[in-house]
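Taking it in order: structure first as structure tokens, then the write-up.
None of the values given here were measured: they were computed from a predicted structure. In the text below, chain A, chain B and the rest are named by the order of the sequence lines, each starting its count at 1.
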Amino acid sequence: MEGEAPSMENPKISAYYQTRLAHFGVVSTEWLAQAQSATKPIPSSSTDAYTDKDANFSVIDEFNRWRNHPDLAEAVAAIRALAAVISSSKASTMMQLEIELKNASDTLKAWDTTSISLTAASDLFMRYVTRTSALEFEDFNSAKARLIERADKFGEISYKARKVIGMLSQDFIFDGCTILVHGFSRVVFEVLKLAAHNKKRFRVFCTDRTGLRLSNELAKLDVPVKLVIDSAVAYTMDDVDMVFVGADGVVESGGIINMMGTYQIALVAKSMNKPVYVAAESYKFARHYPLDQKDLAPALRPVDFGVPIPSKVEVECSARDYTPPQYLTLLFTDLGVLTPSVVSDELIQLYL
Amino acid sequence: MDPPRRAPRTIIDPVPKFRQVGFFAPGAPPDRSLSGPPDPTHPSHPIADTSASLSPVMIPPPRHLSDNLTLHARSAAVPRRAESITVGGSNSDAPVSPAPSSSYSSRVVVGGDRGFFDGKGNDAGKVVASSFPRGGFDLTALKGNGAVVPASGLTTVSVVNDSLGIGIPEKEKASKGGGSAGEMKDQSTNSKQEKPKPTKAERRALQEAQRAAKAAAKGEGNKASATATSVNAKPAKAVKPAQKADNASVAATEKKGSDFPHEKDRKKDAPQPRLQYDDKSRVEKAKRRSIVKHTEARNRVELFRHLPQYEHGSQLPDLEAKFFDLYPVHPAVYKVGLQYISGDISGGNDRCIAMLQAFQEAIKDYKVPPEKSLGRDLTAKIGSYVSFLIECRPLSISMGNAIRFLKSQIAKLPLTLSESEAKTSLQSDIERFINEKIILANKVIVKHAVTKIRDGDVLLTYGSSLAVEMILLHAHELGKQFRVVIVDSRPKLRGQQLLRRLVEKGLNCTYTHINAVSYIMHEVSRVFLGAESILSNGTVYSRVGTASVAMVAHASRVPVIVCCEAYKFHERVQLDSICSNELGDPDAISSVQGRVDVNHLDGWSDIENLQLLNLIYDAMPSDYVSMIVTDYGMVPPTSVPVIVREYGREQVWI
């Protein structure tokens with residue numbers, strides 16, 4: 001529950017970033033202490049989340065329980081929590097159940113409005129679960145059982161997605177290649193781990209402070225790793241054969257929303273004709289269509305320059321950016337290896 | 001297409017060697033005159049250039065066959081061909097290599113279990129003869145061949161890509177029915193024509209190939225065979241003398257060709273060939289049938305001779321005089337037709353709604369003649385109305401879709417229905433089409449597009465589009481603070497009407513002409529455009545000038561948002577605005593309204609060497625479009641075919 005507490009109290013730092021922090025150890029805790037000390041009283045907006053939470057039995061609790069699972073992505077945790085809502089529901093008609101489910105997913109979405117994968121996964125889950133033709137002409141209990149079955153299946157699919165992606169992407173990693181990885185993504189790590197396991201010989205460049213964790217993990221697997229600061233990306237791009245990134249959300253245009261810095265790496269890679277591969281599970285496909293960088297709900301993060309910033313100076317502290325599809329080569333998803341334009345096709349089929 | 005999405009392939013396998021068959025150019029310009037299929041009537045003739053043709057049909061023989069094959073090896077050839085041949089429409093023999101072949105909107109690997117990429121990187125890149133039928137263009141092939149038009153559907157090419165990614169057409173072959181004498185090309189190997197027993201599909205391929213070859217040859221001939229190489233290809237020989245010189249672009253010519261003798265083979269859903277107005281005999285025939293008496297304009301622009309161009313202003317009195325004649329056209333349809341001619345109804349949606357309402361009237365007054373069935377007779381009747389409307393003004397694509405809807409509704413009327421029931425059902429179908437596909441669709445578009453307007457935005461629009469107007473008004477109602485720039489152009493000056501309506505509602509507007517668009521674009525943050533139609537390659541077909549506005553916006557990195565109802569989507573593909581367009585009244589651009597002193601062009605039609613061109617539409621490539629807002633949400637231009645595929649059917653089966 002640690003991740004949740006500051007996000008509710010400190011409006012300046014998005015829950016999105018909190019989660020990343022808790023999972024990937026983004027920065028040391030100094031800034032957290034700093035940020036918390038500067039915390040103002042709880043803003044009124046976040047109290048809504050609390051009342052919601054009280055009214056609804058325990059989606060958030062359930063969600064948090066799953067979320068603490070280290071391997072489980074936030075979205076999968078949400079899916080599991082929603083599945084739990086169905087099985088523990090006391091509703092007696094299909095309509096009630098659906099309403100209950102809808103409320104639960106709304107609560108989840110409201111818990112962190114900045115998280116794209118959370119929203120996308122909740123929406124997709126609702127679609128997947130409620131859109132069965134068998135629902136109409138069955139009695140309630142068997143219909144509910146069917147729903148639970150579907151929910152479990154969806155949870156299973158989501159959970160296994162990472163493995164599928166790891167398998168699919170193996171053919172793209174060849175012996176002797178150098179891979180630039182931005183940030184820490186569990187999917188990308190899975191891919192690299194599997195490649196190392198398959199005795200591929202490759203080298204990894206890690207960027208950013210989040211790369212610290214990745215380099216740690218990769219070093220354990222005896223993969224040669226080099227840490228690169230963000231500003232050295234263009235400098236090292238000559239030696240790089242491909243760029244691998246994860247994604248927080250894959251949007252309808254086929255572009256991705258990811259950790260700050262992805263866009264510029266993609267730009268550099270594009271100008272040097274290096275392929276940019278994105279590993280993302282299909283539950284991250286979201287019905288968003290950003291037109292430019294400012295077209296996103298901002299997710300803020302603290303930026304620590306190590307020195308005190310003069311009061312008149314502004315600091316850009318957005319935590320993520322949008323990479324348009326023309327800078328991406330391929331997306332590795334559990335649906336297969338897709339070109340960016342297929343994302344919209346899939347979304348249209350899923351949602352309409 | 002979309003160059004940024006091409007997959008760099010060279011990184012993975014330094015020497016990828018694979019066969020490629022599909023939509024791709026056979027090679028660099030020097031190879032352009034390689035042999036294509038010969039004309040069966042002149043079996044021994046050299047073959048015309050085929051590289052510019054667009055036919056998607058191809059019959060690839062395996063590479064090894066061609067080396068030592070003599071002309072008599074036919075019996076041996078046939079069974080072996082079968083294993084590696086891909087015949088038919090869009091099936092392409094995709095490169096099986098670990099490389100990401102970024103087929104346009106097609107999936108490279110579906111699911112993990114298919115094992116496309118079973119092999120390790122190195123061996124999978126070798127020559128693979130098995131074919132994976134897969135739709136779409138293969139961009140990797142295009143990449144290797146530079147920016148050559150993705151053509152050559154009918155040639156069969158084996159490409160060995162070297163590490164530089166340059167495709168060398170090592171062998172080019174075509175199957176044929178009659179001819180046996182192949183032409184030798186000294187490219188890297190010698191190629192010989194073989195003579196397999198043609199299957200039906202192959203015959204079709206051949207026919208298409210010949211047509212395309214002719215088209216290509218003509219194009220070649222007209223361009224003074226600039227591209228012909230020293231190789232002994234004589235494109236002109238393949239041209240049948242009966243064919244007149246034809247300036248239409250290849251695609252147009254091909255379309256025309258498709259109503260040649262093989263209509264039976266044609267698939268039912270193939271687009272109807274349009275009348276090419278430079279085909280004299282056909283135009284004569286059409287004229288005899290027509291109701292509206294057009295006078296052909298003189299001084300037509302060479303490039304646009306295939307489009308109808310009439311003297312304006314002469315038809316109207318003639319038609320009005322005929323109004324009271326006993327004539328098969330229903331008065332309501334007649335009225336709409338007259339309104340089209342006079343220009344009283346001109347917006348895409350307005351025209352469509354007017355037409356549908358006229359049909360509604362006509363159906364109401366319709367009586368089934370004795371001994372005829374309603375379904376057949378009414379379809380014929382509607383058909384005659386439509387051809388009358390076409391004579392008044394060429395149909396827009398949206399109207400075509402609406403007519404298709406209506407006809408399918410008639411076709412699937414249950415036979416048990418009584419006449420009056422059938423008529424009511426059809427009328428309510430039309431009503432529903434207007435409501436759901438046009439009015440509601442616009443509301444949905446507004447709902448989506450409004451989310452993209454932020455406070456402080458400067459929105460630019462061009463001309464007058466109903467959807468855009470509704471978006472702007474709605475955003476204003478929501479209290480968003482924004483400014484509108486209306487760009488307009490002569491001769492219609494539609495933007496002024498829009499400007500008036502917006503200003504009345506209290507919006508903050510700027511009005512300018514298209515000449516200043518590059519100046520004003522710097523202060524703009526979003527461009528909203530309407531569209532006449534969106535084609536399945538993402539090309540936006542819209543009022544002339546729209547493409548320029550979008551191009552300037554793209555160059556200034558301003559997002560271009562196209563708002564278009566889904567009923568205007570069409571499965572056709574168009575690459576330019578030449579082969580299908582509409583010509584307006586040239587007098588409209590020669591004189592300036594309200595300026596009698598600007599009379600430099602008076603009497604221009606008497607000057608032999610002066611032609612005026614007043615185009616109505618232009619085609620904007622999908623690269624300039626950031627987003628399409630439609631009733632199914634906000635989609636990228638690459639998703640238009642998905643919507644056409646998923647909902648085009650529903651539109652018919654509403």
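Shown here for A:Y289 and B:P637, the closest heavy-atom pair between the two residues is OH-CD, 4.4 Å.
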task = Take A:D292 and B:K452, measure what salt bridge (Lys or Arg N to Asp or Glu O under 4.0 Å) needs, and give me the verdict at the end.
result = CA-CA 10 Å; A:D292 50 35; B:K452 292 294 163 201; over 6 Å; no
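Here the CD1-CG distance, from B:I643 to A:D345, works out to 9.5 Å after rounding to the nearest 0.5 Å. Atom NZ of A:K294 is separated from atom OG of B:S525 by 12.0 Å, given to the nearest 0.5 angstrom.
Few gaps surround NZ on B:K480; more than 12 heavy atoms of other groups in view lie less than 6.0 Å from it.
Comparing B:R454, B:R526, B:R557 by heavy-atom pairs within less than 4.5 Å of chain A, the highest count is held by B:R526.
Contact check for A:S344 versus B:V642: no side-chain heavy atoms found under the 4.5 Å cut-off. Within the 4.5 Å cutoff, side-chain heavy atoms of B:I561 are placed close to those of A:L291. Here the side chains of B:M634 and A:H288 are not in contact, with every heavy-atom distance at 4.5 Å or above.
Looking at A:P324, there are no atoms closer than 4.5 Å to chain B (heavy atoms on both sides), in backbone or side chain.
With sequence neighbours excluded, no residue satisfies salt bridge (charged side-chain N to carboxylate O under 4.0 Å, His left out) with A:D321.
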